[in-house]
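Read through the structure below, which is laid out as structure tokens, and then see the notes.
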Amino acid sequence: MVIEGGRPLRGEIPLQGAKNSVLPILAAAVLTGSRCRLRNCPQLRDVDIMLETLRYLGCRAEQQGNTVEVDTAAISRCDIPEEYMRQLRSSVIFLGALVSRCGQADVAYPGGCDLGARPVDYHVAILRQMGVQVEESGGRIVCRSPGRITGVPLSLLFPSVGATETAILAAVLAEGTTTVVHAAREPEIRDLCRFLRCCGARIRTGRDGSLEIEGVAALHGCTFSVMPDRIAAVTYLAAAAVTGGEVRLKGARPAHLTAVLPLLEQTGCRLLLTPDSITLTAPARLRAPGTVCTMPYPGIPTDAGPLLMAMASVADGTTVFVENIFENRFRCAAELCRLGARIRVENRVAVVQGVEQLYAAHVACTDLRGGAALLTAGLCAQGTTVLTGLRHLDRGYQVPEIYLQKLGACVRRRDV
Ligand code: EPZ
């Protein structure tokens, strides 16, 4: 990606559908044994891999524009080879769906962004508590459930997003009721529950985020519209902020960003909110927001950390980032420093001393959100930044260069 920095972004763009919502929904479609149509599905590499995996399993799965059609009636196998599993983390969510639908599952360990250790022990423990026999050997997780899975009370050690999704998928067709205390409360979890309810599942969410899932005998297909992507929203808002621009995001839901929006205001950005749009007007110079501590939802999302770091890099003052979810979230910091940012990282803490101007350089995406942070920084760096490693970016952003061009950025993808 070749980025000529320094142009204020202006205008309006629609927000893509949420990657982290559609990925577990595609795995959940396995449970329906019928046809599901998903609207507002982003066109992403991660979605392609989920669709390829569904086809490998014998299902029909096609995407046309932003609509996906999946028919899981003819599922013919319950193993997933390493080449599919390694490409993304969400592949592990097939585990609960396959063992529930087929009585067995045999998958390799999942891949995904390298943010430090990303074990699957919570997923395995949940399945075991629900009566599933799980064996881990030779890099594979093999599950067997001779009869129907049993609904049980579950209490998560940590509100893991993926583990909560595994619990939900294993529980919707289980015998009896499953309760999940300390479940993750991310909006994408709510979206997965909404999808499953549309398919006939019985799921109640408590005010404290706990879940009560009453197993049903069968699900049916449905047509469902995927929620907008709150992290893509933060990405385009950060891009508007660092370039001193004014951008309206159509479809963005302020209700999903209650921890991030006040932080943007602290940097001096003005926000105009409606239930489904966010308009950001940036100040001449951003102010450092002070401290940014990431937390499970409704806290500041870990995925927003690198984007806020790009903003802090050019803000007036010092910002301290404390990462509480992943052990290696700040991999992009060294690349941001190539653009002139002043960042010191000590384990899970990063101290960013804002500079007045970043300067163009050759930089490489380290992971998905780190790559988005570098793209954001490149948009305000003086000169021509070249960003490589776009495979990371393409996992989570639908043609970002096209949306940025619509906002007046000078960004293009160079054929290699
Ligand atoms: C989801 O990952 C998202 N991915 C991530 O988004 C996001 O960063 C993360 O949730 C946190 O919000 C998808 O939804 C596809 P976790 P997930 O289970 O489910 C530990 C992006 O850029 N843990 O909530 O993998 C784990 O190591 C991505 O879009 C265990 O120890 O996150 C981490 O420290 C990247 N054992 C913490 O829990 C387990 O079995 C939270 O992980 C599972 C998790």
Side-chain angles (χ1 to χ4, degrees), residues 16-28 42 44-47 49-50 53 85 87-96 109-129 134 136 141 154 156-169 180 182-192 209 226-227 229-235 256-257 259-260 294-307 323-332 347-348 365-373 391-398:
Q16 68 181 54
K19 167 180 85 80
N20 290 347
S21 171
V22 76
L23 299 180
I25 287 176
L26 286 170
L44 306 172
R45 180 79 194 118
D46 275 9
V47 170
I49 297 159
M50 289 298 275
T53 310
M85 292 298 295
Q87 296 192 55
L88 78 171
R89 172 79 181 176
S90 272
S91 50
V92 75
I93 310 301
F94 274 115
L95 205 54
Y109 283 103
C113 282
D114 178 7
L115 307 171
R118 296 181 77 180
V120 293
D121 52 335
Y122 300 164
H123 301 253
V124 168
I126 285 168
L127 292 171
R128 285 200 173 122
Q129 282 178 73
V134 188
E136 293 180 85
I141 313 166
L154 296 170
L156 304 193
L157 293 173
F158 180 87
S160 150
V161 172
T164 304
E165 290 163 355
T166 287
I168 295 169
L169 296 204
V180 192
H182 301 142
R185 291 193 269 169
E186 270 69 2
E188 293 79 11
I189 298 278
R190 303 287 167 117
D191 216 35
L192 172 65
V226 176
M227 65 172 262
D229 194 313
R230 64 196 169 105
I231 307 300
V234 178
T235 306
H256 292 167
L257 290 167
V260 175
T294 61
M295 293 284 187
Y297 192 84
I300 297 171
T302 172
D303 293 344
L307 303 156
E323 165 63 26
N324 289 305
I325 311 294
F326 291 110
E327 60 187 24
N328 203 1
R329 182 42 109 173
F330 301 130
R331 292 179 67 219
C332 64
N347 300 320
R348 290 176 180 228
C365 297
T366 46
D367 55 83
L368 169 56
R369 306 303 169 188
R391 66 182 191 285
H392 292 290
L393 211 55
D394 291 335
R395 291 187 45 205
Y397 294 92
Q398 178 174 320

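Order of appearance sets the numbers: ligands from 1, and atoms from 1 within every ligand.
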Subject >> Proximity of Glu327 to ligand 1 by residue part, where a heavy atom lies under 4.0 Å >> reply: neither
Subject >> Heavy-atom closest contact (Asp46 atom, Gln87 atom, distance) >> reply: OD1-O, 4.3 Å
Original post:
Just by distance, do the side chain of Glu323 and the backbone of Arg329 share a donor-acceptor pair under 3.5 Å?
Top reply: no
Original post:
Between Thr166 and Leu95, is a side chain to side chain contact (heavy atoms under 4.5 Å, CB included) present by the stated rule, with each step listed?
Top reply: CA-CA 7 Å; Thr166 287; Leu95 205 54; 5.6 Å; no
**OP:** Can you see which heavy atom on Pro42 is nearest to which on Gly17, and at what distance?
**Re:** CG-O, 3.2 Å
**OP:** Check whether any N or O atom of Leu23, backbone or side chain, sits under 3.5 Å from an N or O atom of ligand 1, and answer yes or no.
**Re:** no
Subject >> With Ala167 via side chain to side chain contact (heavy atoms under 4.5 Å, CB included) - residues at least two apart >> reply: Ile126, Leu154, Val180
Original post:
Where's the contact between Val124 and ligand 1, heavy-atom distance under 4.0 Å: side chain, backbone, both or neither?
Top reply: neither
Original post:
What atoms of ligand 1 come closer than 4.0 angstrom to any heavy atom of Gly162?
Top reply: 18 (O), 19 (O)
Subject >> Numbered atoms and elements of ligand 1 in range of Arg329, under 4.0 angstrom, heavy atoms >> reply: 8 (O)
Original post:
Against heavy atoms of Val120, which atoms of ligand 1 measure under 4.0 Å?
Top reply: 40 (O)
Original post:
Backbone, side chain, both or neither: what part of Met295 comes under 4.0 angstrom of ligand 1, heavy atoms only?
Top reply: neither
**OP:** Could you tell me whether Leu368 and ligand 1 have an N or O pair separated by under 3.5 Å?
**Re:** no
Original post:
Any idea which part of Phe158 is under 4.0 Å from ligand 1, heavy-atom wise: side chain, backbone, both or neither?
Top reply: side chain
Original post:
Heavy atom under 4.0 Å from ligand 1: found in Thr302's side chain, backbone, both, or neither?
Top reply: side chain
**OP:** Please indicate whether any nitrogen or oxygen in Ala163 is less than 3.5 Å from any nitrogen or oxygen in ligand 1.
**Re:** no
Subject >> Salt-bridge present (Glu188, Lys19; N to O < 4.0 Å) >> reply: no
Original post:
Do you know which two heavy atoms are closest between Ala233 and Leu257, and how far apart they sit?
Top reply: CB-CD1, 4.1 Å
Subject >> Per-atom contacts, ligand 1 versus His123 - under 4.0 Å to a heavy atom >> reply: 40 (O)
**OP:** State the atoms of ligand 1, each with its element, that fall below the 4.0 Å cut-off from a heavy-atom position in Lys19.
**Re:** 21 (C), 29 (O)
**OP:** Answer yes or no: is there a donor N or O on one side and an acceptor on the other, between the side chain of Ser21 and the main chain of Met227, under 3.5 Å?
**Re:** no
Original post:
Side chain or backbone of Asp303 under 4.0 Å from ligand 1, or both, or neither, by non-hydrogen atoms?
Top reply: side chain
**OP:** Can you sort out the partners of Ser160 under side chain to side chain contact (heavy atoms under 4.5 Å, CB included), two or more places apart, ordered by chain and number?
**Re:** Tyr122, Phe158, Ala163
